[in-house]
2 protein chains.
Amino acid sequence: MHTATCEHDDHDHPGLTGQALRRALGAAERRCAETDQRLTAPRRRVLELLLEGDAPLKAYDLIAAFGEAGAPAKPPTVYRALEFLERLGFAHRIESLNAYVPCRLEGDSHQAAFLICDCCGAAEEFEPDFTAQLAAAKGAGYAVESITLEARGLCPACRKD
Amino acid sequence: MHTATCEHDDHDHPGLTGQALRRALGAAERRCAETDQRLTAPRRRVLELLLEGDAPLKAYDLIAAFGEAGAPAKPPTVYRALEFLERLGFAHRIESLNAYVPCRLEGDSHQAAFLICDCCGAAEEFEPDFTAQLAAAKGAGYAVESITLEARGLCPACRKD
DNA sequence: AACAGTAGTGTTATGAAATAACATAACGCG
DNA sequence: CGCGTTATGTTATTTCATAACACTACTGTT
């Protein structure tokens, strides 16, 4: 695992609150209804935590933050919720970070691409264009189900110091 | 972690032996010499195991296989060797598998792309063309250091059953 | 050759991430 | 209602990775 760690919590990502948070959760609710999926309490709670977060969250951060009065969740509760959220395209796992983010894009496709800052830890999702790679896969005879791309480097803010 | 697991050890990847193995190790030795890097015994041993392997190897597989007479290595020995091999571009970590493969391509660039079969576990490295993604990153103001792409699906052989 | 500095290794212990397995509850429907 | 399916709760364990520190081996200098 890389690290350049020069400490910047500033120049943060959004991290939804209040109105916007409720709207996002509502949208998820609706998308679940459309496909007869159930956004149950633990699933909703984990999604809420991800949406509130301003950076990729580790599973055990979620476990710790899950319960109201300092009562943590048990690991399987959170891992199962994450699995569900990933399956529906509401969240992504960032493999090189062992961490999770809410999906910031439209579409529920099983494609994701991230720019990850080695300095401040921010992870920005961007619209992936996998044309070239899908062509390569096709050439090799592979039937691709999902693609993830993770680019590591320095975000604009961290480049400047 | 996904799985479709329909068991196929057939249609395997190469997995070097004898002549070819020695040639690959020799090449690594030479490339180290060029940059004043030392391919020490544990590093060489881990690279050898990776080259011999016909599929991505887990760190603890390497740990177990490391020693001659069933004597396993200690974790840090192998993890340190892997770190070195990755740094020099001799090996790649496949994040979505928690596993390692020897680099099958020329060039020591910090770019890697894999087609991973969810059925047989094979991982095929292919020449990455990240033009589109690098353009996106540039547009976002990121200074990219390294990129990894992992595509999951079914390999040609597994598609047929 | 003696030395100092750096890079690499050995070893013990511990920490972090994820899952297995099984019991219980809630939902959807004939 | 009663049955199958989906989801949750809970305990325990497994798998993956690193911290910390002592020791050794190479490198270049004088």
Side-chain angles (χ1 to χ4, degrees), chain A residues 1-5 28-29 32-47 49-50 56-68 71-88 90-101 121, chain B residues 1-5 28-29 32-50 56-69 71-88 90-101 121:
Chain A
M1 205 150 288
H2 325 227
T3 342
T5 319
E29 203 95 61
C32 280
E34 283 168 19
T35 49
D36 279 316
Q37 300 290 323
R38 297 159 56 198
L39 189 64
T40 58
R43 292 168 176 175
R44 185 188 168 92
R45 175 63 176 146
V46 169
L47 177 56
L49 289 169
L50 289 175
L57 290 173
K58 307 277 220 163
Y60 276 73
D61 294 343
L62 294 166
I63 286 167
F66 186 92
E68 302 299 326
K74 308 280 170 62
T77 302
V78 165
Y79 280 106
R80 290 197 279 230
L82 287 169
E83 186 191 355
F84 171 86
L85 295 172
E86 283 192 89
R87 181 155 41 85
L88 268 69
F90 293 151
H92 299 293
R93 172 181 165 82
I94 300 186
E95 298 285 353
S96 62
L97 250 33
N98 287 358
Y100 302 81
V101 290
Chain B
M1 204 154 287
H2 324 226
T3 341
T5 318
E29 202 94 63
C32 282
E34 284 168 18
T35 47
D36 280 316
Q37 299 291 323
R38 297 159 57 197
L39 190 63
T40 58
R43 291 169 177 177
R44 185 188 170 91
R45 176 61 178 146
V46 169
L47 177 55
E48 183 181 23
L49 289 169
L50 289 175
L57 290 172
K58 307 277 220 163
Y60 276 72
D61 294 342
L62 294 166
I63 286 167
F66 186 93
E68 303 298 327
K74 308 279 170 63
T77 302
V78 165
Y79 280 106
R80 289 197 279 230
L82 287 169
E83 187 190 354
F84 172 86
L85 296 172
E86 282 192 272
R87 181 154 41 87
L88 268 71
F90 293 150
H92 299 293
R93 172 180 165 82
I94 300 185
E95 298 285 354
S96 62
L97 251 33
N98 288 358
Y100 302 83
V101 290

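Note that the structure is predicted; figures quoted are calculated from it, not measured. By convention in this document, chain letters (A, B, ...) are assigned in the order of the sequence lines, proteins followed by strands, and residues within each chain are numbered from 1. No hydrogens, no waters, no symmetry mates; every other heavy atom, side chains included, goes into these values.
Distance CD (Gln37(A)) to P (dT5(D)): 17 Å, rounded to an integer number of Å. Atom pair Arg44(A):CZ and dA7(D):C1' shows a separation of 17 Å (rounding to whole Å applied). Counting to the nearest Å, the C1' atom of dA18(C) and the CD atom of Glu86(A) are 13 Å from each other. Atom CZ of Arg45(B) is separated from atom C1' of dG10(C) by 18 Å (rounded to the nearest Å). Following rounding to the nearest Å, Phe84(A) (CZ) and dA7(D) (P) show an atom-to-atom distance of 7 Å. Regarding Glu83(A), its CD atom lies at a distance of 19 Å from the P atom of dA17(C), rounded to whole Å. The distance from atom CD1 of Ile63(A) to atom C1' of dT19(C) is 12 Å, rounded to the nearest whole Å.
Across the helix from dA1(C)-dT30(D) to dG30(C)-dC1(D), the helix axis at one end is tilted relative to the axis at the other end by 30° (nearest 10 degrees, each axis from five pairs).
Residues forming a side-chain hydrogen bond (donor to acceptor under 3.5 Å, both in side chains) with Gln37(A) (at least two apart in sequence, or on another chain): none. Legend: residues meeting side-chain contact (heavy atoms from CB on, under 4.5 Å) with Arg80(B), ordered by chain and number and at least two apart, are Pro76(B). The side-chain contact (heavy atoms from CB on, under 4.5 Å) search around Ala65(A) returns Leu49(A), not counting sequence neighbours. With sequence neighbours left out, the side-chain hydrogen bond (donor to acceptor under 3.5 Å, both in side chains) criterion links Arg44(A) to Glu29(A). Residues passing the side-chain contact (heavy atoms from CB on, under 4.5 Å) test with Pro56(A) are Ile94(A), Leu97(A), Ala99(A), Val101(A), Ala123(A), sequence neighbours excluded. Glu83(A) pairs by the side-chain hydrogen bond (donor to acceptor under 3.5 Å, both in side chains) definition with nothing, not counting sequence neighbours.
Note that the CG atom of Leu82(A) and the CZ atom of Arg43(A) stand 11.5 Å from one another [nearest 0.5 Å]. If you take CD1 on Ile63(A) and OG1 on Thr77(A), they are separated by 8.0 Å, rounding to the nearest 0.5 Å. Rounding to the nearest 0.5 Å gives a distance of 6.5 Å between CG of Leu39(A) and CG of Leu47(A). With values rounded to the nearest 0.5 angstrom, Phe84(B) atom CZ is found 7.0 Å from Thr40(B) atom OG1. The OH atom of Tyr79(B) lies 15.5 Å from the NZ atom of Lys74(B); values are rounded to the nearest 0.5 Å.
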Short heteroatom pairs, N/O only, protein and nucleotides 8-16 of chain D, under 3.5 Å:
from, atom 1, to, atom 2, distance (Å)
dT8(D), OP1, Thr40(A), OG1, 2.4
dG9(D), N7, Arg80(A), NH2, 2.5
dG9(D), O6, Arg80(A), NH1, 3.3
dG9(D), O6, Arg80(A), NH2, 3.4
dT11(D), OP2, Lys74(A), NZ, 3.3
dC16(D), OP1, Lys58(B), NZ, 2.7

Might you list the N or O atoms of the protein lying below 3.5 Å from N or O atoms in nucleotides 28-30 of chain C, with each pair's distance?
none

